[in-house]
Amino acid sequence: MSRFVRRLAGAPWRAIVESAISRGVVVGCGVIVIDERVVSLTYPRGPSMLPTLNIMGDLVLADKLSARYGWVSPGDLVQFVSPEDPRKTVIKRVLGMEGDSVTYLVDPANSDVSKTVVVPKGHIWVQGDNIHNSTDSRQFGPLPYGLVNGKICCRILPLKGFGLIDSKQ
């Protein structure tokens, strides 16, 4: 047997493996906590946020702390659990906070008929930037604030669009 093989056989493999596993678990838990509680990467899909976000291909950063501490205001993009399908996560723009009056077009593709609502306590009003192709508060009503789980703060990809996302109103 060569000297190299004897050295490998004499290594404290059990301690090395245990150390690697314990460190891996700690790092993995840290990544999960940061992703769930602090900030996460999100890959939005669909036409509802055109032209702000592309149909596919954008990678954005969702700030979880802003949503948790109520640092959301009109004009911000928010990520939330869909009230129609809890398995889906959706991104829309905030147009009104609790107590605000929001006027919106009922059917923008076919008429200029508008309706005004007052956003109830504990809710926000969200709409897609592409009002002709968006399912939002116009269909499902005011969104309970408890469903909001992130505020979109920055575009990561494509690199051409890298930077903060404008919170236009």
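On a predicted model such as this, the values are computed, not experimentally measured, just so you know. The figures here come from the full heavy-atom set of this structure, side chains too, leaving out hydrogens, waters and symmetry mates.
Smallest separation of non-hydrogen atoms from Pro74 and Met97: CD-CG, 3.6 Å. Closest non-hydrogen pair, Pro44 versus Asp58, comes out as CD-O, 3.5 Å.
The structure places NZ of Lys115 at 13.0 Å from CG of Leu105, a figure rounded to the nearest 0.5 Å. Between atom CG of residue Leu65 and atom CH2 of residue Trp71 there is a gap of 6.0 Å, rounded to the nearest 0.5 Å. Distance CG/Leu53 to CD1/Ile165: 5.0 Å, rounded to 0.5 Å. Atom CZ of Phe80 is separated from atom CG of Leu143 by 5.0 Å, given to the nearest 0.5 angstrom. Note that CG of Leu41 is 9.0 Å distant from CG of Leu157, once rounded to the nearest 0.5 Å. How far CG of Asn149 is from CZ of Arg68: 9.5 Å, rounded to the nearest 0.5 Å.
When side chains are defined from C-beta on, Thr135 does not count as touching Ser48, because their heavy atoms never get closer than 4.5 Å. When side chains are defined from C-beta on, Tyr43 counts as touching Met56, because their heavy atoms get closer than 4.5 Å. You'll find the side chain of Trp125 reaches within 4.5 Å of the side chain of Val117, heavy atoms only. Side-chain contact check for Pro142 versus Pro120: some heavy-atom pair is nearer than 4.5 Å. Side-chain contact between Arg138 and Pro108: present, with at least one pair of heavy atoms (C-beta onward) separated by less than 4.5 Å.
Defined by atom type and a distance below 3.5 Å, a donor-acceptor pair is missing between the side-chain atoms of Asn133 and Asn130. In this structure, a donor-acceptor pair under 3.5 Å is present between the side chains of Gln79 and Thr42. For the residue pair Ser101/Thr116, the side-chain donor-acceptor check at 3.5 Å is not satisfied. For Ser66 and Asp63, the side-chain atoms include at least one donor-acceptor pair closer than 3.5 Å.
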**Study point:** Worked check of side-chain contact (heavy atoms from CB on, under 4.5 Å) between Leu50 and Ile55
**Key:** CA-CA 7 Å; Leu50 284 171; Ile55 290 177; 3.8 Å; yes
Review point. Passes side-chain contact (heavy atoms from CB on, under 4.5 Å), Val118 versus Asp100? Steps please.
Key: CA-CA 6 Å; Val118 175; Asp100 291 348; over 6 Å; no
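Ion pairing between Asp136 and Lys92 fails under the 4.0 Å rule for side-chain N and carboxylate O. Using a 4.0 Å cut-off between charged side-chain N and carboxylate O, Asp76 and Lys151 make a salt bridge.
Considering Asp129, Ile152, Val126 as possible partners of Arg93, the one that fulfils the side-chain contact (heavy atoms from CB on, under 4.5 Å) test is Asp129.
Counting non-hydrogen atoms of neighbouring residues, nucleotides and ligands closer than 6.0 angstrom, the CG atom of Asp107 exceeds 12 such neighbours. The 12-atom threshold is not exceeded at CZ of Phe162, counting heavy atoms of other residues, nucleotides or ligands nearer than 6.0 Å.
Here the side chain of Arg155 pairs a donor or acceptor atom with the backbone of Thr52 at under 3.5 angstrom.
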